[in-house]
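Beneath this line is the structure, given in structure tokens, with notes to follow.
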Amino acid sequence: MSVFRPWRCVRSVDLIPVEALVRTGVRCLLIDRDNTCVPRDATEAPPEIAAWLDRVRAAGIATCVVSNNFHSKDVERSARELGCEVVHHAMKPVPFAVWFAMRKYGVSAAQTVLVGDQRFTDVIAGNLARVRTILVDPQSEKDLWYTIIFRKVERRVFGERDHDMRI
Ligand SMILES: [Mg+2]
């Protein structure tokens, strides 16, 4: 398994089939904040993302925001609005925050999935921790300058993303 390769690629978080997560034994969903839940050009998550996270929890899966964003107040507010717990200063692609969250929820790597919009942070962190990863398209064109560079590198090296919702 390449450390760069996500388990699945989906256009948007709310298109991930919740019943498939349950069926494949997921007990804990770790989710990135910026441009995964909350667009970079907005301060709140769209209602469909909040509703999807409600459905995930209703299915018995714990939800936790795992964010690299240094503005921890913003991250905590978003997590609260979305009904999620939070691990901030995650330092992805280093997998420590993923390990920390798994221990916190008492789940194994096989029971954990990490959802994010960046191959070079979210996907690598998840793969290093050996959890399943789902790569979503960024919600907004706006992003940090170095993230925009990473996205260009990703497109050059890996080509266009091959979306596949089947789980
Ligand atoms: Mg992100």
Side-chain angles (χ1 to χ4, degrees), residues 2-16 21 26 28-53 56 61-102 112-165:
S2 160
V3 78
F4 299 104
R5 191 188 170 104
W7 177 54
R8 291 290 184 275
C9 229
V10 179
R11 289 196 188 281
S12 170
V13 168
D14 55 308
L15 296 177
I16 300 168
L21 297 180
V26 174
C28 176
L29 178 116
L30 308 178
I31 190 159
D32 172 57
R33 174 188 186 264
D34 297 315
N35 261 344
T36 297
C37 291
V38 182
R40 274 280 184 193
D41 53 3
T43 54
E44 286 179 18
E48 58 270 24
I49 302 287
W52 183 84
L53 284 163
V56 170
I61 298 172
T63 59
C64 181
V65 171
V66 177
S67 176
N68 280 6
N69 193 319
F70 286 112
H71 302 285
S72 46
K73 286 256 181 333
D74 292 342
V75 177
E76 280 172 15
R77 181 179 48 76
S78 295
R80 200 165 46 244
E81 288 168 1
L82 292 169
C84 298
E85 295 194 54
V86 62
V87 176
H88 42 64
H89 298 88
M91 297 189 298
K92 297 169 286 183
V94 178
F96 294 140
V98 182
W99 287 330
F100 175 82
M102 287 196 302
T112 305
V113 67
L114 189 150
V115 183
D117 68 305
Q118 285 194 62
R119 194 182 291 267
F120 294 115
T121 55
D122 304 306
V123 170
I124 293 178
N127 282 336
L128 289 175
R130 302 195 176 278
V131 306
R132 284 174 273 176
T133 56
I134 300 177
L135 184 62
V136 297
D137 288 350
Q139 293 169 301
S140 158
E141 292 285 310
K142 187 180 171 193
D143 219 321
L144 301 173
W145 65 268
Y146 51 83
T147 303
I148 290 170
I149 292 172
F150 276 132
R151 290 199 199 288
K152 286 187 175 145
V153 172
E154 178 190 336
R155 208 166 295 131
R156 178 72 64 89
V157 175
F158 297 97
E160 292 302 319
R161 294 177 178 183
D162 187 17
H163 300 92
D164 186 357
M165 289 194 312

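Remember, it's 1-based here, ligands and their atoms both numbered in the order they're listed. Heads up: numbering here begins at 1 and tracks the sequence.
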Residues E81 and R77 bridged, charged N to O under 4.0 Å: yes

Which atom of D32 approaches the Mg ion (ligand 1) most closely (N/O/S): OD2

For the Mg ion (ligand 1): the N/O/S atom of D34 at shortest distance: O

Aromatic plane relationship, F4 with F120 - under 30° parallel, 30 to 60° tilted, over 60° perpendicular: perpendicular

Note: K92-D32 ion pair, threshold 4.0 Å (strictly below): yes

Atom name in D117, limited to N/O/S, at shortest distance from the Mg ion (ligand 1): OD1

Whether F96 and W99 hold their rings parallel, tilted or perpendicular, with breakpoints at 30° and 60°: tilted

